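Working notes for the structure below.
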Amino acid sequence: MSIQSNLNEIKAELPAQVTLVAVSKTKTVSDLMEAYNAGQRIFGENKIQEMAGKYEEMPKDIQWHMIGHVQTNKVKYMAPFVSLVHGVDSLKLLAEINKQAKKNNRVIDCLLQMHIAEEETKFGMDESELNELLASDEFRAMENIKVIGLMGMATFTEDENQIRKEFTHLKSIFDNLGGLSTDNCQLTTLSMGMSGDYNIAIECGSTMVRIGSSIFGHR
Ligand SMILES: *Cc1c(COP(=O)(O)O)cnc(C)c1O
């Protein structure tokens, strides 16, 4: 199967309100160009330097999403161009993104990453940390970021009930915020679902799926 036919097959089955992020980490520019030429404009990467290199080489109408864990000292390399940062899980990181966005005269859209999986290794906040962040004066004063939603990853398991339970939990956290709308916060986006679990995620209310191997093949 070619990248183009994989992409077309997935796009054909996604509901209209669900945005597809083509996760292109570790893949070559020529692989990405195949997806680009098939119409894909949103790409997700998990390493800032790799994303910056691809940004330099590729057409400028691409929206680059940072889906991986972000180290504060590397934010400056993506601040000029990144379109959405999925993995924001602390006020400290948000403050750095705000600072670097300001230097670039931009407002950078962010998703707050929630910990919903059983594994200890996955990053993210719990609901009380989320509420604390959103209520803090420091957050409210940030003018160069905009929080547009939440992101989460389910446990890596065959157990569909477990996955469904975790996505449903994330959706309920999202719903509990009641579409919060302030100057720097407009909660419209729920990023959940990858190659193995995006159908379940969509049933549970996902509005953005991050799909890599089902488009580009195994890494
Ligand atoms: C790699 C990655 C994906 C895509 O995973 P696939 O299983 O290849 O679809 C999605 N989200 C995050 C955060 C990732 O790191």
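For clarity, every value in this text was computed on a predicted model and none was experimentally measured.
- Exactly one of Glu166, Glu118, Lys165 qualifies for a side chain to side chain donor-acceptor pair (under 3.5 Å) with Thr155. That residue is Glu166.
- Taking 4.5 Å as the limit, every side-chain heavy atom of Tyr55 sits out of range of all side-chain heavy atoms of Val82.
- Side-chain contact between Val21 and Met208 is present, with at least one heavy-atom pair separated by less than 4.5 Å.
- Between the side chain of Asn46 and the main chain of Ile67, no donor-acceptor pair closer than 3.5 Å is present.
- Between the side chain of His169 and the main chain of Lys171, no donor-acceptor pair closer than 3.5 Å is present.
- By the 4.5 Å heavy-atom criterion applied to side chains, Leu91 and Met142 are counted as neighbours.
- Residues Ser90 and Leu133 share a closest heavy-atom pair of C-CD1, 4.0 Å.
- Using a 4.5 Å heavy-atom cutoff, the side chains of Glu129 and Asp126 are in contact.
- The minimum heavy-atom distance between Leu93 and Gly87, with the atom names listed, is CD2-O, 3.9 Å.
- Scored by the side chain to side chain contact (heavy atoms under 4.5 Å, CB included) test, Glu13 finds Tyr198, Asn199 as partners (sequence neighbours excluded).
- Put simply, the residue from Ile42, Thr19, Val23 that forms a side-chain contact (heavy atoms from CB on, under 4.5 Å) with His65 is Ile42.
- When every heavy atom of Gly205 is checked against every heavy atom of Leu190, the shortest pair comes out as O-CD2, 3.7 Å.
- Remark: the backbone N or O of Glu9 is not paired with any side-chain donor or acceptor of Lys11 at under 3.5 angstrom.
- In this structure, Asn98 contributes its side chain and Leu94 its backbone to no donor-acceptor pair below 3.5 Å.
- A donor-acceptor contact shorter than 3.5 Å links the side chain of Asn184 to the backbone of Phe139.
- The closest side-chain heavy-atom distance from Ile108 to Val85 is below 4.5 Å.
- Between Lys27 and Asp31 the shortest heavy-atom distance is CD-OD2, 3.8 Å.
- By the side chain to side chain donor-acceptor pair (under 3.5 Å) test, Glu34 is found to be paired with no residue, residues two or more places apart in sequence or in another chain being considered.
- When side chains are defined from C-beta on, Leu180 does not count as touching Val147, because their heavy atoms never get closer than 4.5 Å.
- The pair Glu50-Lys54 counts as a salt bridge, with a side-chain nitrogen and a carboxylate oxygen less than 4.0 angstrom apart.
- No more than 12 heavy-atom neighbours from other residues, nucleotides or ligands sit within 6.0 angstrom of CD on Glu132.
- No more than 12 heavy atoms of other residues, nucleotides or ligands shown are found within 6.0 angstrom of CD on Glu160.
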Would you give me the side-chain donor-acceptor pairs under 3.5 Å for residues 71-81, sequence neighbours excluded?
unit_1: Gln71; atom_1: OE1; unit_2: Lys74; atom_2: NZ; d: 3.3
unit_1: Lys76; atom_1: NZ; unit_2: Asn73; atom_2: O; d: 2.9

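- Between the side chain of Asp197 and the main chain of Met194, a donor-acceptor pair closer than 3.5 Å is present.
- The shortest non-hydrogen separation linking Ser83 to Asp109 is O-CB, 3.7 Å.
- Nearest heavy atom pair, residue Leu112 against residue Met125, reads CB-CE, 3.7 Å.
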